[in-house]
Amino acid sequence: AVTGALDGVHGSDPLVVETVCSRLCGIFQAHGAVHLKSPLLRPRPATVHSLAVGGPTELVDTRGNVLLLPEDLTGPFARAVGRGGSAASNVKRYDIDRVHHKAIAGGHPRESLEATFDIVVEDPQLSGSQIEAETLFVLCQVMSAFPPTEGKHALCRNK
């Protein structure tokens with residue numbers, strides 16, 4: 001709905017995309033989240049078959065290693081946290097960025113815009129239900145920020 005075209009970000013209405021992203025950033029920041037980017041590349045695991053239709057977009061570096069572009073924003077971030085990167089042991093973060101999917105006919109990967117809101121905590125005093133409750137509250141705020149409307153620029157008129 002944000003992109004408004006089959007070719008992803010390139011066919012989108014920039015005013016709608018900017019409005020949606022701005023509203024999402026405001027909601028995430030109101031919950032204390034900081035903007036942290038997900039790592040761009042990751043190595044291809046041995047279990048991934050490169051001939052599969054769709055799937056992750058593969059690149060080859062100068063040493064011949066096969067790397068994958070992100071299919072989502074949470075997985076690469078979780079991998080970085082697990083490896084001890086970004087000093088993200090206690091953080092609320094968000095990211096809005098492009099994700100990539102292998103083009104069925106080959107060539108340039110299909111792109112789409114994705115948003116993520118992640119909470120990483122090591123505090124044993126904080127229960128999982130508190131984190132789930134905040135996540136659901138953020139989701140409710142996002143859904144109420146974008147009520148069902150008709151018309152091309154309805155999002156831009158409802159500021």
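No hydrogens, no waters, no symmetry mates; every other heavy atom, side chains included, goes into these values.
The two residues Phe77 and Leu36 make their nearest non-hydrogen contact at CE1-CD1, 4.4 Å. Closest approach of Ile119 to Val121, counting heavy atoms only: CG2-CG1, 4.0 Å.
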Chi angles and distances behind the side chain to side chain donor-acceptor pair (under 3.5 Å) call for Arg93, Ser38: CA-CA 10 Å; Arg93 78 98 187 202; Ser38 297; 3.2 Å; yes
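Judged as a side chain to side chain donor-acceptor pair (under 3.5 Å), and not counting sequence neighbours, the contacts of His31 are Glu134, Gln141.
The closest side-chain heavy-atom distance from Gln29 to Tyr94 is below 4.5 Å.
Residue Leu41 is found in a hydrophobic cluster whose other members, listed by chain and number, are Leu40, Leu59, Leu67, Leu69; membership requires side-chain heavy atoms under 4.5 Å apart, directly or through intermediates.
More than 12 heavy atoms of other residues, nucleotides or ligands shown are found within 6.0 angstrom of CD on Gln130.
The structure places CD of Glu71 at 9.5 Å from CZ of Arg110, a figure rounded to the nearest 0.5 Å. Remark: His101 NE2 to Asp72 CG distance equals 8.5 Å, nearest 0.5 Å. Expressed to the nearest 0.5 Å, how far CG of Asp95 lies from CG of Leu24 amounts to 11.5 Å.
Hydrophobic clustering of Ile, Leu, Val, Met, Phe, Trp and Tyr side chains at less than 4.5 Å, counting indirect connections, keeps Leu68 apart from Leu73. At a threshold of 4.5 Å between side-chain heavy atoms, the hydrophobic network of Ile, Leu, Val, Met, Phe, Trp and Tyr places Val142 and Leu113 in one connected group.
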